[in-house]
Number of protein chains: 2
Amino acid sequence: MPRCPRKEPFPTHQVRRYLEPGPIVLVSSQWQGQQNIMTLGWHTVLEFSPSLVGLMISAGNHSHDMVRKARECVINVPTVALADTVVKIGNCSGSDTDKFATFGLTAQAASDVGAPLVGECHACFECRLFDDALVGRYNFFIFEVVVAHVAPRPAYPRTLHYTGDGVFTRSGGQFERRALFRPQML
Amino acid sequence: MPRCPRKEPFPTHQVRRYLEPGPIVLVSSQWQGQQNIMTLGWHTVLEFSPSLVGLMISAGNHSHDMVRKARECVINVPTVALADTVVKIGNCSGSDTDKFATFGLTAQAASDVGAPLVGECHACFECRLFDDALVGRYNFFIFEVVVAHVAPRPAYPRTLHYTGDGVFTRSGGQFERRALFRPQML
């Protein structure tokens, strides 16, 4: 298990840097004294400011009701060092498992929401429910990122990306094409 | 420019394999005889069957109105071999540029929609608009993938993932953790 990296405040309107590449995330929640974590791969950025992110949290997940009732969560971005833990979190239920204790994860206090940060992750985004219009039909929650915490190094963490069937890809090296962008697109 | 890989039919309920990892995609469209392509990174899988995908297509894009009116599009998955073209497509407008001609891309006929496939891409998913409930508020389109075409090799293509500021990551190698999954989760 990696130690908890020191994180710094990060501008909420720039969280696309960590979410747009499409990593598997851990969604942490708290409701009536219980804390939980789920593994989630179906999410998208929706807006820079307010900083909006859409998450599809299937109704079969214990976290679904917790997040819906608390109207808050934290989106945590793990790296490949946490791969086994990420899979194990996704293959048990918060209905009968205290995931922080079982997997030796560190629940750190958030500043603006009740849900805990997962300390071992590279980035943690505190979120409040912004729009639940599509929760009933598609289990699609639109959250506003209200506070962001990011480890300053590495600049481009090696994240996990799920393809189904137990197979992941890891993010490889970065490259830039700034010279091909119009200035207003950067 | 890579040649057009030969593609095979692919089960629509398994398109998460190519979309859940979060690659940059090219969305192709057709409306009143005009064809267009846009570069897009804000998307998420929403359901296996029907095969639903959500796309945030900003209203500032020429493609927004075309897709909204045609109620169809094709989601194409490029690899790093197309990186320069992907960036150039995202930095000009279909209002004054024929992107297929300008970038030497091959518009292949789709089987079920009017929008063309981008032949040079690794995978092409023909889509029909399924729900426009959030288009007005968030430019969020929910599409159903009705036909999928995928190149059989490589099994895990090297896709592009955007972090903002002109910087991309590429997908690195794959790894599997099947032994850690409950059977019903695979």
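Residue numbers start from 1 in every chain, and the chains themselves are labelled A, B, ... in the order their sequence lines are given, proteins ahead of strands. Since the model is a prediction, treat every value here as computed from it, not as a measurement.
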Counting only non-hydrogen atoms closer than 4.5 Å, does L55(A) touch chain B with its backbone (N, CA, C, O), its side chain (CB onward), both, or neither? neither
Winner by heavy-atom pair count (cut-off under 4.5 Å) against chain A, out of G166(B), G22(B), G90(B): G166(B)
Using non-hydrogen atoms and a 4.5 Å limit, figure out which bit of A83(A) sits close to chain B: side chain, backbone, both or neither. side chain
Considering only heavy atoms, which portion of L180(A) lies under 4.5 Å from any heavy atom of chain B: side chain, backbone, both, or neither? both
Apply the test ring-ring contact (aromatic ring centres under 6.0 Å, His included) to residues F175(A) and F168(B): give CA-CA distance (whole Å), side-chain angles for both, the deciding distance (0.1 Å), then the verdict. CA-CA 5 Å; F175(A) 60 95; F168(B) 296 80; 5.5 Å; yes
Between F140(B) and F140(A) (judged by ring centroids, cut-off 6.0 Å), do the two rings come close enough to count as a pair? yes
Consider only side-chain heavy atoms of I, L, V, M, F, W and Y, link residues closer than 4.5 Å, and tell whether L186(A) and V86(B) are in one cluster. yes
Is chain B contacted by the side chain of L19(A), its backbone, both, or neither, given a heavy-atom distance below 4.5 Å? neither
Chain B: which of G173(A), P23(A), A133(A), C92(A) shares the most heavy-atom pairs with it under 4.5 Å? G173(A)
For the hydrophobic clusters of this structure (ILVMFWY residues joined by side-chain heavy atoms under 4.5 Å, transitively), does one cluster hold both V135(B) and V53(B)? yes
List, by chain and then residue number, the residues other than V113(B) in its hydrophobic cluster (Ile/Leu/Val/Met/Phe/Trp/Tyr, side-chain heavy atoms under 4.5 Å); write none if there are no others. V74(B), L117(B), V146(B), V147(B)
L105(B) and I24(B): same hydrophobic cluster, using ILVMFWY side-chain contacts below 4.5 Å? yes
When hydrophobic residues are tied together by side-chain contacts of less than 4.5 Å, even through go-betweens, does V80(A) share a cluster with L40(A)? no
Spacing of I142(B) atom CD1 and L129(B) atom CG [to the nearest 0.5 Å]: 9.0 Å
Interatomic distance, L46(B) atom CG to F143(B) atom CZ [nearest 0.5 angstrom]: 12.0 Å
Could you list each N or O donor-acceptor pair linking chain B to chain A at a distance under 3.5 Å?
unit_1: E20(B); atom_1: OE1; unit_2: W42(A); atom_2: NE1; d: 2.7
unit_1: P21(B); atom_1: O; unit_2: H161(A); atom_2: ND1; d: 2.9
unit_1: W42(B); atom_1: NE1; unit_2: E20(A); atom_2: OE1; d: 2.8
unit_1: H43(B); atom_1: N; unit_2: T44(A); atom_2: OG1; d: 3.0
unit_1: T44(B); atom_1: OG1; unit_2: H43(A); atom_2: N; d: 3.0
unit_1: D84(B); atom_1: OD1; unit_2: R177(A); atom_2: NE; d: 2.5
unit_1: N91(B); atom_1: O; unit_2: R182(A); atom_2: NE; d: 3.2
unit_1: N91(B); atom_1: OD1; unit_2: R182(A); atom_2: N; d: 2.8
unit_1: D131(B); atom_1: OD2; unit_2: R137(A); atom_2: NH1; d: 2.5
unit_1: D131(B); atom_1: OD2; unit_2: Y138(A); atom_2: OH; d: 2.7
unit_1: R137(B); atom_1: NH1; unit_2: D131(A); atom_2: OD2; d: 2.5
unit_1: Y138(B); atom_1: OH; unit_2: D131(A); atom_2: OD2; d: 2.7
unit_1: H161(B); atom_1: ND1; unit_2: P21(A); atom_2: O; d: 2.9
unit_1: D165(B); atom_1: O; unit_2: R178(A); atom_2: NE; d: 2.9
unit_1: D165(B); atom_1: OD2; unit_2: R178(A); atom_2: NH2; d: 3.4
unit_1: G166(B); atom_1: O; unit_2: R177(A); atom_2: N; d: 2.9
unit_1: F168(B); atom_1: N; unit_2: F175(A); atom_2: O; d: 2.8
unit_1: F168(B); atom_1: O; unit_2: F175(A); atom_2: N; d: 2.8
unit_1: R170(B); atom_1: N; unit_2: G173(A); atom_2: O; d: 3.1
unit_1: R170(B); atom_1: O; unit_2: G172(A); atom_2: N; d: 2.6
unit_1: G172(B); atom_1: N; unit_2: R170(A); atom_2: O; d: 2.6
unit_1: G173(B); atom_1: O; unit_2: R170(A); atom_2: N; d: 3.1
unit_1: F175(B); atom_1: N; unit_2: F168(A); atom_2: O; d: 2.8
unit_1: F175(B); atom_1: O; unit_2: F168(A); atom_2: N; d: 2.8
unit_1: R177(B); atom_1: N; unit_2: G166(A); atom_2: O; d: 2.9
unit_1: R177(B); atom_1: NE; unit_2: D84(A); atom_2: OD1; d: 2.5
unit_1: R178(B); atom_1: NE; unit_2: D165(A); atom_2: O; d: 2.9
unit_1: R178(B); atom_1: NH2; unit_2: D165(A); atom_2: OD2; d: 3.4
unit_1: R182(B); atom_1: N; unit_2: N91(A); atom_2: OD1; d: 2.8
unit_1: R182(B); atom_1: NE; unit_2: N91(A); atom_2: O; d: 3.2

